[in-house]
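The block underneath contains the structure these notes are about, expressed in structure tokens.
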Amino acid sequence: MTHDDFELGPLADVTREIGEGTATLIFTRTLRHPPGKIWRALTEPTEQLEWMPFVSDRALDDLGPAKLRMTDGGENMEAMEGEVLESERARLLRYRWGSDLLTWELKPHGASTLLTLRHMTKTPEHLSSFAAGWHICIAVAERFMDGRPIGPVVGPKAMDFGWAKLNEQYQKKLQALHNG
């Protein structure tokens, strides 16, 4: 499957918060699945393997340390240290991924879910690339939850699925917020 065969959907709503030494991408999108199904995709390693840029060494629904191994097939497959800091089943998941902090909020929206991802990083120059990467990952997750899995589209493979164009579009969106 290539980008030509794959529907990425519309750009997510994005904004950013700039702090002292950090920046947070706030990525919001409505998914056509209930919170419980999305929760399993976020927390269960066998489901993470289908769409995320990493897989954890354990389910992420309990507090405490976890190892997160990249799934891009690159040579650097060493696990990164992670830690689940907050977990409220099918509602809120907050964990460290190396030096980044990811917060996933799930809110029921009819038969769908309003997903808000907050990705805090020490590298604000990468916010648009994070938005592009999460956009593709979430589109792949939706296919997986639909029962039409294609496996993760991460690392170099993402280039074939429109990552560069998405990065440019999100960069313009985030820059407009800065200039506005």
Side-chain angles (χ1 to χ4, degrees), residues 1-14 25-62 66-74 77 79-80 82 84 86-98 100 102-119 128-167 169-170:
M1 172 170 280
T2 67
H3 174 254
D4 295 334
D5 307 322
F6 185 69
E7 179 57 46
L8 287 169
L11 292 181
D13 291 331
V14 293
L25 169 70
I26 303 166
F27 183 101
T28 304
R29 188 152 173 193
T30 300
L31 304 182
R32 60 184 169 265
H33 300 280
K37 192 168 197 171
I38 297 167
W39 181 259
R40 284 188 305 278
L42 284 169
T43 60
E44 293 297 326
T46 56
E47 297 201 16
Q48 294 166 354
L49 276 171
E50 295 293 334
W51 70 278
M52 280 192 133
F54 63 80
V55 61
S56 59
D57 66 341
R58 65 171 184 87
L60 294 180
D61 50 1
D62 289 323
K67 300 263 190 218
L68 308 173
R69 183 179 45 83
M70 298 300 291
T71 59
D72 64 3
M77 296 302 286
M80 297 176 73
V84 179
E86 202 169 344
S87 176
E88 296 177 31
R89 185 165 182 73
R91 195 181 94 61
L92 177 70
L93 179 64
R94 178 174 293 133
Y95 56 89
R96 291 194 192 290
W97 178 24
D100 289 3
L102 300 181
T103 303
W104 301 85
E105 298 173 36
L106 307 175
K107 293 183 182 171
H109 186 71
S112 301
T113 300
L114 181 64
L115 176 139
T116 301
L117 166 60
R118 296 174 182 275
H119 186 153
S128 64
S129 66
F130 294 159
W134 286 120
H135 184 114
I136 292 171
C137 286
I138 290 169
V140 170
E142 285 228 279
R143 284 185 62 97
F144 167 68
M145 290 183 284
D146 286 344
R148 301 177 299 134
I150 62 168
V153 178
V154 297
K157 186 176 180 182
M159 293 304 222
D160 295 335
F161 284 76
W163 180 89
K165 183 176 180 182
L166 284 169
N167 182 45
Q169 291 172 317
Y170 280 117

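Reckoned from all heavy atoms, side chains included, excluding hydrogens, waters and symmetry mates. Because the structure is predicted, anything quoted here is derived from the model rather than measured.
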Check whether [X] reaches the backbone of [Y] with its side chain - one donor and one acceptor, N or O, closer than 3.5 Å.
X: Tyr170; Y: Phe130; value: no
X: Arg143; Y: Arg148; value: yes
X: Arg40; Y: Gly36; value: yes
X: Asp13; Y: Thr28; value: no
X: Glu47; Y: Ala41; value: yes
X: Glu86; Y: Leu92; value: no
X: Thr30; Y: Leu114; value: no

Once you round to the nearest 0.5 Å, how far does [atom1] of [X] lie from [atom2] of [Y]?
X: Met70; Y: Phe54; atom1: CE; atom2: CZ; value: 8.5 Å
X: Ile26; Y: Thr116; atom1: CD1; atom2: OG1; value: 8.5 Å
X: Leu49; Y: Ser56; atom1: CG; atom2: OG; value: 8.5 Å
X: Glu88; Y: Leu93; atom1: CD; atom2: CG; value: 10.0 Å
X: Lys157; Y: Ile150; atom1: NZ; atom2: CD1; value: 6.5 Å
X: Leu31; Y: Ile38; atom1: CG; atom2: CD1; value: 4.5 Å

Could you report the tightest heavy-atom contact between [X] and [Y], atom names first, then the distance?
X: Pro53; Y: Cys137; answer: CD-SG, 3.9 Å
X: Ala59; Y: Glu44; answer: CB-OE2, 3.8 Å
X: Ala158; Y: Val153; answer: CA-CG1, 3.7 Å

Could you give me the CA-CA distance, side-chain angles and deciding distance for Thr113 and Lys37, then say whether side-chain contact (heavy atoms from CB on, under 4.5 Å) is met?
CA-CA 10 Å; Thr113 300; Lys37 192 168 197 171; over 6 Å; no
List for me each residue that meets side chain to side chain donor-acceptor pair (under 3.5 Å) alongside [X], sequence neighbours excluded, and say none if there are none.
X: Thr43; result: none
X: His119; result: Asp100, Trp134
X: Trp97; result: none

Is there a side-chain contact between [X] and [Y] (heavy atoms, below 4.5 Å)?
X: Trp163; Y: Ser129; result: yes
X: Leu60; Y: Leu42; result: no
X: Val84; Y: Asp62; result: no
X: Arg89; Y: Asp61; result: yes
X: Val55; Y: Thr46; result: no
X: Trp104; Y: Trp39; result: no
X: His135; Y: Arg29; result: yes
X: Met52; Y: Leu68; result: no

Is the count of non-hydrogen atoms from other residues, nucleotides or ligands lying under 6.0 Å from Arg96 atom CZ greater than 12?
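Not buried by this count: 12 neighbours or fewer within 6.0 Å.
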Between Asp146 and His33, is a side-chain contact (heavy atoms from CB on, under 4.5 Å) present by the stated rule, with each step listed?
CA-CA 8 Å; Asp146 286 344; His33 300 280; 2.9 Å; yes
Worked check of side-chain contact (heavy atoms from CB on, under 4.5 Å) between Ile138 and Phe27:
CA-CA 11 Å; Ile138 290 169; Phe27 183 101; 3.5 Å; yes
Report the C-alpha distance between Arg118 and Glu105 in whole Å, list the side-chain angles of each, state the deciding distance to 0.1 Å, and finish with yes or no for side-chain contact (heavy atoms from CB on, under 4.5 Å).
CA-CA 8 Å; Arg118 296 174 182 275; Glu105 298 173 36; 3.1 Å; yes
